[in-house]
Amino acid sequence: MSRTTGRFWPAALREGCEETAIRPGDLCLTPQFLGAPVDIDVHDIAADPDKGEPAHRHFDFRFVFHLMAEQPPLMLQEKEVSGAQWLAFADVSSPTLRAKLLNAEAALGLDGQPEPVNVSVLIHDRSGRCLLHLRDLLDGIWEPGVFALLGGGREPGAAAWTTRHGGNSPRKPRG
């Protein structure tokens with residue numbers, strides 16, 4: 001579990017990226033599951049006296065991420081992973097995970113195509129106030145001319161983690 005967010009999916013993202021060298025910015029949570037696990041695998045782990053670990057039960061929270069970029073060459077962390085390959089859902093060896101992926105593909109449209117999303121951020125200070133911005137007076141935007149949360153959106157076809165406003169690139173102050 002991530003110590004900063006109290007959620008499991010950031011830890012899953014970190015581990016997946018560390019073990020394959022896929023960049024975190026090339027992955028996004030699926031709109032079908034968002035931050036919910038697609039499966040939780042429970043299995044017993046034998047004692048490991050060399051590590052001082054007793055026998056215990058292990059819980060694997062499994063999450064689904066979309067690869068937003070072209071398939072990169074995998075660079076495996078060999079002490080953690082002995083091999084990796086791209087498989088169709090029908091070829092996944094775990095019967096429960098395979099069934100859940102196939103069901104999600106049929107019922108929810110888990111097709112590898114991410115949906116555009118919008119994000120907002122609430123920034124507050126120690127005085128109980130929050131920072132809002134005045135939305136432009138443009139036709140076709142949501143709530144023009146209203147003070148609203150800061151945020152942006154990912155447009156269809158845009159590069160991973162890039163917003164309409166240029167992602168994390170600085171913007172010139174308005175004068």
Side-chain angles (χ1 to χ4, degrees), residues 1-115 117-126 128 130 149-152 154 159-163 167-169:
M1 180 184 303
S2 169
R3 290 182 180 153
T4 57
T5 66
R7 297 181 181 182
F8 290 106
W9 71 261
L13 176 65
R14 183 189 67 246
E15 287 296 318
C17 292
E18 285 176 1
E19 293 174 4
T20 64
I22 294 174
R23 297 177 309 182
D26 288 342
L27 299 174
C28 72
L29 289 169
T30 64
Q32 294 83 3
F33 293 103
L34 291 176
V38 64
D39 186 52
I40 302 172
D41 179 54
V42 182
H43 54 275
D44 293 324
I45 302 290
D48 186 344
D50 294 338
K51 292 183 179 178
E53 294 179 354
H56 61 280
R57 183 156 286 174
H58 189 82
F59 298 85
D60 279 334
F61 288 76
R62 297 171 170 177
F63 295 87
V64 179
F65 293 90
H66 281 302
L67 179 63
M68 302 290 292
E70 295 297 318
Q71 287 185 3
L74 299 178
M75 294 180 283
L76 304 181
Q77 188 181 52
E78 293 182 11
K79 65 181 180 180
E80 297 273 338
V81 179
S82 59
Q85 66 185 54
W86 296 98
L87 295 173
F89 293 160
D91 297 330
V92 171
S93 60
S94 164
T96 57
L97 181 58
R98 179 177 56 245
K100 289 175 182 177
L101 289 170
L102 290 171
N103 182 54
E105 182 179 40
L108 303 174
L110 187 60
D111 59 4
Q113 299 300 315
E115 296 176 8
V117 296
N118 290 311
V119 296
S120 297
V121 60
L122 176 67
I123 302 171
H124 67 91
D125 64 15
R126 293 184 178 144
C130 62
L149 295 176
L150 301 157
R154 184 178 178 282
W161 302 106
T162 301
T163 68
N168 293 326
S169 62

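The residues of the chain are indexed from 1 along the displayed sequence.
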*Rounded to the nearest 0.5 Å, how far does CG of Leu110 lie from CG of Leu108?*
7.5 Å
*Glu15 CD to Thr20 OG1 distance, which is reported to the nearest 0.5 Å*: 10.5 Å
Check residues 86-93 and write down every donor-acceptor pair under 3.5 Å in which the side-chain atom is one partner and the other belongs to a residue at least two apart or another chain.
from  : atom 1 : to    : atom 2 : distance (Å)
Trp86 : NE1    : Gln71 : OE1    : 3.4

*asked:* Please give me the minimum heavy-atom distance between Leu76 and Ser82, naming the atom from each residue.
replied: CD1-C, 4.4 Å
*In Å, rounded to the nearest 0.5 Å, how long is the span from CD of Glu19 to CZ of Arg14?*
10.0 Å
*Is there a side-chain contact between Cys28 and Leu67 (heavy atoms, below 4.5 Å)?*
no
*asked:* Going by salt bridge (Lys or Arg N to Asp or Glu O under 4.0 Å), name the residues that satisfy it together with Arg57, two or more places apart in sequence or in a different chain.
replied: Asp44
_Atom pair NE2 (His66) and CD (Gln32), whose distance is rounded to the nearest 0.5 Å_ = 5.0 Å
*Crowding at NE2, His124 (>12 non-hydrogen neighbours, <6.0 Å)*: no
*Intermediate values then yes/no, side chain to side chain contact (heavy atoms under 4.5 Å, CB included), Leu29 and Phe65*: CA-CA 5 Å; Leu29 289 169; Phe65 293 90; 3.4 Å; yes
*Got a second to check how far His58's NE2 is from His43's NE2, nearest 0.5 Å?*
4.5 Å
*Quick one: do Leu27 and Cys17 satisfy side chain to side chain contact (heavy atoms under 4.5 Å, CB included)? Show the steps, please.*
CA-CA 9 Å; Leu27 299 174; Cys17 292; 3.9 Å; yes
*Quick one: sort the Phe8 and Phe61 rings into parallel, tilted or perpendicular, breaks at 30° and 60°.*
parallel
*Output all residues satisfying side-chain contact (heavy atoms from CB on, under 4.5 Å) with Asp39, sequence neighbours left out; order by chain, then residue number.*
Asp41, Arg62, Thr96, Leu97, Lys100
*Do side-chain atoms of Asn103 reach the backbone of Ala106 as a donor and acceptor pair under 3.5 angstrom?*
no
*State the CD1-CZ distance between Ile40 and Phe63, to the nearest 0.5 angstrom.*
8.0 Å
